[in-house]
Amino acid sequence: MNKQFPLTGISSVAMHASGKENADFSHLTPIYASSTFTFDTAQQGSDRFAGADKTRIYSRWGNPTFTTAEETIAALESFGIKDKNGEPLQVKALLHASGQAAMTTLFMSTLQTGDTVLSHFSLYGGTHELLHKVLGDTGVKTMIVDMRDINLVEEALAKDPSIKLVHIETPANPTIKCVDIEAVTLLAKKRNILVSVDNTFATPYLQQPFKYDVDFVFHSTTKFLNGHGTAIGGVLLGRDLEFMRTKGWKWHALLGGNSNPFDAFLLTQGMKTLELRMERHCDNAMKVAEYLAKHPAVAHVNYNGLPSHPDHAVTKKQMRHAGALMSYELKGGLDAGRRFIDALQMCVRAVSLGTVDTLVSHPATMSHFGLKPEERKQFDITDGLIRMSVGIENIEDILADLEQALQHA
Ligand SMILES: *Cc1c(COP(=O)(O)O)cnc(C)c1O
């Protein structure tokens with residue numbers, strides 16, 4: 001594709017922003033299953049190590065199949081955004097073996113002993129544990145405040161000069177809380193503090209944190225970006241290109257959390273249909289939420305697309321649609337929850353999210369089982385809470401399955 005041709009839609013970007021590394025006229029970037037790349041001469045080898053020749057050396061440091069996925073994600077996250085000079089924003093993506101590996105690169109490359117991360121409740125379980133159980137051991141501290149109250153963020157930043165990174169996850173499990181990215185970033189930037197956003201639940205189609213000047217965007221690509229549940233992966237994107245090419249890249253390459261060509265290929269294929277999938281995911285989710293909110297067996301629905309959700313206004317401010325994740329509490333509590341989950345006929349019993357099919361889980365006994373009971377309480381994970389990632393099946397079938405299963409609740 002001609003790089004000068006201006007793409008005006010995000011699906012076009014998802015399909016055509018990358019894919020220039022095609023060998024032998026192959027339509028798709030192939031799966032470059034090769035650990036190393038050859039040199040024609042000794043001089044060429046030394047040129048590549050010196051950086052004068054940008055072609056490949058070794059797949060832990062980069063591989064053409066990774067590059068296609070990375071360039072696509074970078075194009076999606078920066079789509080339509082201008083930098084301070086009015087030029088199209090450039091961001092760099094580093095693809096990792098998992099979301100956890102990308103998160104490790106983020107934290108390890110930006111923080112050192114004595115520094116503090118400011119974050120909030122309801123973080124993804126793995127992020128919470130990485131901060132407390134791994135970074136805690138290296139002397140990096142984590143401070144948690146309810147970032148939906150902007151005064152608490154201001155107070156924390158003013159009080160503790162050791163805060164070096166503000167990490168936001170929005171929307172977040174399990175009650176789909178949302179944080180105002182723009183408001184928090186404005187406060188952090190006044191003090192030159194870095195801001196990272198976990199954009200996994202939203203995807204760049206629904207929300208683009210780089211619009212608000214954040215420094216880093218993170219994804220578990222395992223979820224909506226891949227979309228089909230075929231691979232684990234993660235990506236770290238940064239707007240400081242120099243940092244991403246030097247320190248960010250160094251930690252990424254030396255910690256060894258690189259992706260693999262097959263997973264990167266699957267991710268690239270999945271992203272091509274991101275817009276279509278997200279439209280249908282969100283449309284179905286709204287219908288499911290409205291149905292559940294009216295059902296007599298359901299005590300409460302947490303979905304940020306419903307006007308009753310406390311973060312509905314923030315959702316409307318920064319997201320195109322509310323997303324596909326929700327949770328709900330059955331009136332019958334834990335036992336009703338178990339009976340309901342066991343009675344499902346089509347919806348799939350599994351943790352994870354963002355796959356084309358509908359996934360239903362029980363956080364208290366599954367994804368957040370590793371937390372202490374008092375921590376689960378802080379995270380709003382009650383025993384009877386059901387978490388649902390609404391898929392793109394036909395809505396009539398999703399509703400019919402819920403209807404019959406709720407009769408057992
Ligand atoms: C899944 C997930 C992660 C971790 O990603 P993995 O790919 O499982 O390592 C981080 N944040 C959020 C919001 C997630 O959903």
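Side chains included, hydrogens not; waters and symmetry mates left out as well; all remaining heavy atoms used. For clarity, every value in this text was computed on a predicted model and none was experimentally measured. In listed order, ligands and their atoms are each counted from 1.
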Using a 4.0 Å cut-off to any heavy atom of Lys223, which atoms of ligand 1 qualify? 1 (C), 2 (C), 3 (C), 14 (C), 15 (O)

Salt bridge or not for Lys189 and Asp215, using N-O below 4.0 Å? yes

When rounded to the nearest 0.5 angstrom, what distance separates NE2 in His219 from CG in Leu95? 12.0 Å

Nitrogen or oxygen atoms of Glu169 and ligand 1 under 3.5 Å apart: no

Heavy-atom contact under 4.0 Å between Gly233 and ligand 1? yes

Would you confirm whether Asp149, through its side chain, and Asp146, through its main-chain N or O, come within 3.5 Å as a donor-acceptor pair? no

In ligand 1, which numbered atoms sit nearer than 4.0 Å to a non-hydrogen atom of Phe201? 13 (C), 15 (O)

For the 3.5 Å polar cut-off, considering only N or O atoms, please tell me whether Thr222 and ligand 1 meet it. yes

Any ion pair linking Lys287 and Asp283 (charged N to carboxylate O, less than 4.0 Å)? yes

In Leu135, Leu131, Thr127, Leu236, the residue satisfying side chain to side chain contact (heavy atoms under 4.5 Å, CB included) with Met103 is Thr127

Looking at Gln404 and Asp401, would you say the former's side chain and the latter's main chain have a donor-acceptor pair under 3.5 Å? yes

Would you check whether Phe218 has a nitrogen or oxygen atom less than 3.5 angstrom from a nitrogen or oxygen atom of ligand 1? no

Do side-chain atoms of Ser18 reach the backbone of Thr72 as a donor and acceptor pair under 3.5 angstrom? no

Does only the side chain of Met103 get under 4.0 Å from ligand 1, or the backbone, or both, or neither? Count heavy atoms. neither

Select one of side chain, backbone, both or neither to describe which atoms of Asp198 lie under 4.0 Å from any atom of ligand 1, heavy atoms only. side chain

When you measure from atom 6 (P) of ligand 1 to each heavy atom in Gly99, Ala97, Gly257, which option holds the nearest one? Gly99

Around atom 10 (C) of ligand 1, find the nearest protein heavy atom and jot down its residue, atom name and distance. Tyr124 CD2, 3.3 Å

